[in-house]
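Computation of the quantities below employed the complete heavy-atom set of this structure, encompassing side-chain atoms and omitting hydrogens, waters and symmetry-equivalent molecules. Read the numbers this way: they start at 1 and go in the same order the structure lists the ligands and their atoms.
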Amino acid sequence: MTTPALLPLSAAGYPPCRRTLRLSEKFILLLILSAFITLCFGAFFFLPDNSKHKRFDLGLEGRAHPSHRHTQGGEACLGTDSHQHREEEESLRDKIRADHERALQEAKEKLRKSREELQAEIQTEKNKVMEDLKKKDPGPKPLPPVPMPKVVGVSDGEPPEPDVKEKRDKIREMMKHAWDSYRQYGWGHNELKPLAKKGHSTNIFGNSQLGASIVDALDTLYIMGLHEEFKDGQEWIEQNLDFGVNAEVSVFEVNIRFIGGLLAAYYLSGQEVFKLKAVQLAEKLLPAFNTPTGIPWAMVNLKSGVGRNWGWASAGSSILAEFGTLHMEFVHLTYLTGNPAYYQKVMHIRKLLAKMDRPNGLYPNYLNPRTGRWGQHHTSVGGLGDSFYEYLLKAWLMSDKTDSEARKTYDDAIEAIERHLIRKSNGGLTFIGEWKNGHLERKMGHLACFAGGMFALGADGSPDDKAGHYLQLGAEIAHTCHESYDRTVLKLGPEAFKFDSGLEAVAVRQNEKYYILRPEVIETYWYMWRFTHDPKYRQWGWEAAQAIDKYCRVSGGFSGVKDVYSSNPTYDDVQQSFFLAETLKYLYLLFSSDDLMPLESWVFNTEAHPLPVLHLGNITLPGSEPAQR
Ligand code: DMJ
């Protein structure tokens with residue numbers, strides 16, 4: 001069998017006169033042609049690029065080679081200046097060699113230097129980088145200048161009586177111990193674990209290290225004349241306090257502790273940094289108000305601005321004492337920045353609440369920020385409700401008594417509370433119970449003990465000339481709360497105490513027997529002292545101070561105790577930031593003369609941070625309407 005020839009290269013076997021090719025021959029020819037073209041393209045694209053390989057071999061990949069630019073326009077220049085090319089490569093090699101030698105030399109010199117010299121060098125370089133950064137970033141815009149409110153009575157206050165002075169000195173020493181311990185073991189963390197001797201934090205600060213104890217303690221340090229410590233705290237704030245962190249924090253806690261603390265430090269010391277930091281933080285809180293009603297979420301992520309409520313709160317509600325405890329700080333923010341947003345946010349809350357029906361004239365503790373409806377009908381002057389009432393009164397005081405709307409709202413609220421929540425026990429102790437769905441629970445929390453001071457503070461200016469009545473009510477609450485301390489083994493008050501089934505001012509449940517260095521009882525003693533000068537308040541304050549020093553003091557600071565009825569209590573190992581902000585400040589003021597932080601000029605926020613009275617008769621806040629005042 002013969003195989004037909006593939007190519008018509010020879011005429012043999014074919015008729016001599018045939019000029020055209022057969023179809024199969026044409027096809028074969030086409031195949032060969034296309035194979036040839038593919039081969040040529042392959043050669044063009046896949047053959048190695050010599051110049052590239054050369055650069056790679058020299059370790060110069062990625063560096064601009066002087067000759068590289070020439071070759072880019074085509075191969076025309078290759079080989080035309082190969083001599084020059086070699087010289088350039090040679091000089092580059094020399095340069096690399098020289099660089100290596102210099103680096104080696106520097107490393108040798110560094111090794112010869114002492115640790116201190118090296119640290120100093122690193123610091124100088126760091127400072128240079130910081131300086132360069134500062135030059136590039138002009139920082140936040142300066143705030144508009146506003147008249148500084150009258151700042152009076154911020155130091156001294158030394159009592160004339162030597163024994164009182166001795167007590168005051170002791171309180172200052174306790175503050176030193178609390179601060180120094182935190183400085184040594186917890187610096188920069190939010191709080192301190194005084195037994196474990198390390199930092200501590202809770203969910204109210206999210207996953208952050210914002211130095212809550214520093215910010216909370218600053219004004220106490222200032223008032224006590226601990227200026228070195230104050231400066232130390234200021235430096236930390238200048239260099240480290242950054243609110244751009246991915247942390248979900250409590251809007252209320254951050255407002256009362258941080259914004260309140262920074263504003264107070266600003267007013268006391270006049271240092272601009274505190275004002276700037278307060279404003280930076282306030283901006284981070286504003287997204288929390290982006291709800292259908294304008295009632296803020298309980299928590300906000302400082303970085304993303306996403307807000308939400310506590311999982312445990314009734315029906316997804318926000319908490320009365322949280323969204324109702326922003327007014328003082330936010331009014332000051334508008335005053336200092338000229339930005340009406342802060343003022344408008346808190347006035348919006350006030351207006352919304354004024355329009356709502358209140359069961360028995362009482363404010364329930366839960367309000368849903370989506371629907372604007374109350375959650376569970378639970379009213380308390382202790383936790384969840386407390387500082388809402390306090391801020392109504394203080395809004396009036398802080399406005400130089402011009403915010404009559406706030407005063408009226410306070411008076412109405414207190415009237416309903418007196419009618420439904422305040423009772424006398426069989427043993428004659430006046431207590432504030434809790435209202436739950438139409439039923440009065442005969443239990444009072446340590447937190448509610450602040451109300452004694454509030455009633456006394458609000459006595460002047462109360463309607464129908466009831467000043468005497470409210471001062472008396474304050475005295476009765478102070479007495480009851482003192483009893484709750486006096487009836488324990490440690491002479492420190494439990495978290496909650498009952499007036500039921502023969503029980504008078506004592507805790508029943510194990511989980512209500514703890515004392516976590518809270519200030520409310522001492523706060524009430526201080527207000528009562530200021531308004532009456534009855535020596536028993538100093539006496540009671542001193543009893544509490546001694547008990548704290550005896551049972552809560554440990555080598556690493558001060559700790560809460562788990563059972564005030566046990567002579568051998570265990571510690572909770574937390575030094576709360578409010579111990580430095582409030583408990584020790586109120587004790588110090590209790591043993592100072594009245595010209596230190598006079599109440600005509602200062603209003604203390606709920607974390608005991610003093611803010612000056614704003615004489616709003618002479619000032620119009622941006623965003624406010626004259627009719628509101
Ligand atoms: C403080 O943070 C504030 O006083 C707040 O209003 C409620 N209680 C704590 C301290 O007990």
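The number of heavy-atom neighbours closer than 6.0 Å to CG of Asp460, taken from other residues, nucleotides and ligands shown, is 12 or below.
By the 4.0 Å N-to-carboxylate-O rule, Arg308 lies close enough to Glu248 to be salt-bridged with it.
Side-chain atoms of Thr325 and Asn255 include no donor-acceptor pair closer than 3.5 Å. In summary, the side chains of His200 and Tyr182 do not present any donor paired with an acceptor at a separation below 3.5 Å, with no hydrogens or angles considered.
Ring pair Phe431/Phe499 is parallel by interplanar angle, where below 30° counts as parallel and above 60° as perpendicular.
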TODO: Show your reasoning for whether salt bridge (Lys or Arg N to Asp or Glu O under 4.0 Å) applies to Lys176 and Glu173.
DONE: CA-CA 5 Å; Lys176 268 283 283 167; Glu173 184 279 325; over 6 Å; no

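Contacts of ligand 1 (protein heavy-atom distance under 4.0 Å) are Ile256, Arg257, Leu447, Arg518, Pro519, Glu520, Phe578, Glu582, Thr606, Glu607.
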